[in-house]
Amino acid sequence: MVFIAGAFAAALINVLVALALSFHLNVGEYYDISMMCGVLGEDGSACRAGALNAGYTMLAGLAICLTLGFAFNAKAGRPAVRAVNEQSAFGWCLLATVVLLAAHVTVEAFGTKELTRIAEITRLSSFISLENLLWPLLLQLMNSASSARLKAMYLSLLLPIVSLSPYRGVLLAVIVFGLGLPVIAWVAQKGLPWRSLLRQRQVIAGFTLALVVVGLLLFTMYAETRERTTEIAVAQTQSESQAKLTQRLAYPLFQAYFAERIAAQEELPTAGGEILHKFRLGSGQNLNEDLYSKVYGDGTVGEMTSLYFGEAVVNSASHPIVWIVAGPLLLVAIWLMLKRFGYEVGTLAGIAIWRGSLGGVASVMPALVVQLVLIMALARRTE
Amino acid sequence: MTRSGIGKKGIAALLIALLVFHVVHIYTAWAKSRIEIVEAVYDVPPILGVEARRAPQSLELILNNRLERDQQILPGFRPSVWQGNGTDRIHVSFAARMPHPEQTLNRFSTDLYASFRSSLAPAGPAVACSCTSSASSVSGDGAGLPRLLSWNTRFDPWFKPLDILSLAILLGALLLWTRSGDEKHSPDH
């Protein structure tokens, strides 16, 4: 439940931070946001009001869903766990990682090099998609591993994939779901015997290593944020990096509101179409790609993060809060159902809940299904 | 690890392979960091921006032609040109091979105008211009000369902390794996 609660906490914090930043945001200082509001034909204050409303709805929906999740989990009980067959799981994961990284690095090293992040993402999109399928699985297996040695082995597979990923969100996911939440889960299980803990050299070494890793990961996120190009009129009170980060954090609420306004005027890609698209069975753009092109023009490459709210206004005639509760609750239900049968998939479900809070349930469901099937195939019944 | 069919030596070999590929990745990043990358932003009249949006490949063609004529094409590095937010920005990025890239950037501005003016010519002076940028010089037919707003050169960072951390942890994992094999074969067991 720690990973599920952690995912909801991460999603709630995202929304709270976005709300706090949007409350007094001067829309005119942020080119992307003001351009998007311009497409709607609205001034900054009207646009901001809509974004704040989307944020409040998200907060309420996520809080209700989390409460329901706790309630259902309390009734679920603790069945015997089907541990993953650690011997074969690591071998197969290592093989998959080597094959995937070998292909990616070979194309990167010997192919034509791109000079911009977007061009690189477009060119290497197939590898990035497969890596996005693999790293949550590695995180789950790392968290389920029975020994610190095996956890370290899984981390050694995970970090090269993360270093190849162009997305800062992957770094954040590793910090939260690979380091932060497992520590919280461990403390929750064992209590906080700090005095006896601090006498153990292994614990001190482990914490020191974790601090170094987290520090380096956060520094990498900061460095990548500085390198991102965007057009922002930087106010005197903040640096360019701060302005970029402010826009990045606040923008999703505006994008959610944008989805609401556009959905009222025309047909947008649905969740069903998105799922087919993920399985390469459908053509055309998904919801967030379509919204992006409405702001930045046809032929542009990118996606919005219109949150569960954006998905709700497109796919449901009910109040958006219904979808915001039902969407992640479906993921919680999948986790509870598999937990009942003894499968440990908390990390996978948590990552899906968190990522879905950014782009919608449909955007994460196909990958989650594949990952769950693989975990079930690797699991065996304990004696 | 016999159940996966890979075996202990197989795992060690795969870890070494992963290490090698990761080193290749680090080397590729280092090699790229030695290349000077030129980036520029142009302010273009919205009408020109709209026409360019309809034919994005033409922008690439115009840029590649200019870079070839100025001998600025660096083999192995693909130049980029894309429209930024809205219709009044064009971004350019290329790997500088010759000195004074600003001359190439200025000539590209002229090339853009020359290429798109011919497609705008039939509209004549009756074309309405909703240009809001007072910085653009607007001629009689509403399509002015693209203006180089800003340009800079940069180098990619020659290493990323995460790459080095991954390398260190991979080495540690290989050491852990080989030691676990040695411990099982030591006389003390």
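A, B, ... follow the sequence lines: proteins, then strands. Residue 1 opens every chain. Keep in mind the model is a prediction, meaning the values are calculated, not measured.
- Within the structure, the salt bridge (charged side-chain N to carboxylate O under 4.0 Å, His left out) test picks out the following pairs touching residues 104-116 of chain B (sequence neighbours left out): Arg66(B)-Asp111(B), Asp70(B)-Arg107(B).
- Here the closest heavy-atom approach between residue Ser156(A) and residue Leu18(B) is recorded as O-CD2, 4.2 Å.
- Note: Leu115(A) leads Leu115(A), Val105(A), Thr116(A), Val98(A) in heavy-atom pairs under 4.5 Å with chain B.
- Put simply, the side chain of Ser166(B) gets close to the backbone of Leu159(A): a donor and an acceptor are under 3.5 Å apart.
- Only the side chain of Ala119(A) comes within less than 4.5 Å of a heavy atom of chain B; its backbone N, CA, C and O stay farther away.
- For chain A, no part of Ile164(B) is nearby; none of its heavy atoms comes within less than 4.5 Å.
- The two atoms that bring Arg78(B) and Glu114(A) nearest to each other are NE-OE2, 2.7 Å, heavy atoms only.
- Partners of Thr153(B) by side-chain hydrogen bond (donor to acceptor under 3.5 Å, both in side chains), not counting sequence neighbours, listed by chain and number: Glu36(B).
- With a 4.5 Å cut-off on non-hydrogen atoms, Ser93(B) touches chain A through its backbone and its side chain both.
- Among the residues in residues 21-30 of chain B, those with a non-hydrogen atom closer than 4.5 angstrom to a non-hydrogen atom of chain A are Phe21(B), His22(B), Val24(B), His25(B), Thr28(B).
- Note: Ala102(A) leads Ala152(A), Ala102(A), Gly38(A) in heavy-atom pairs under 4.5 Å with chain B.
- Legend: salt bridge (charged side-chain N to carboxylate O under 4.0 Å, His left out) pairs involving residues 87-101 of chain A, not counting sequence neighbours: none detected.
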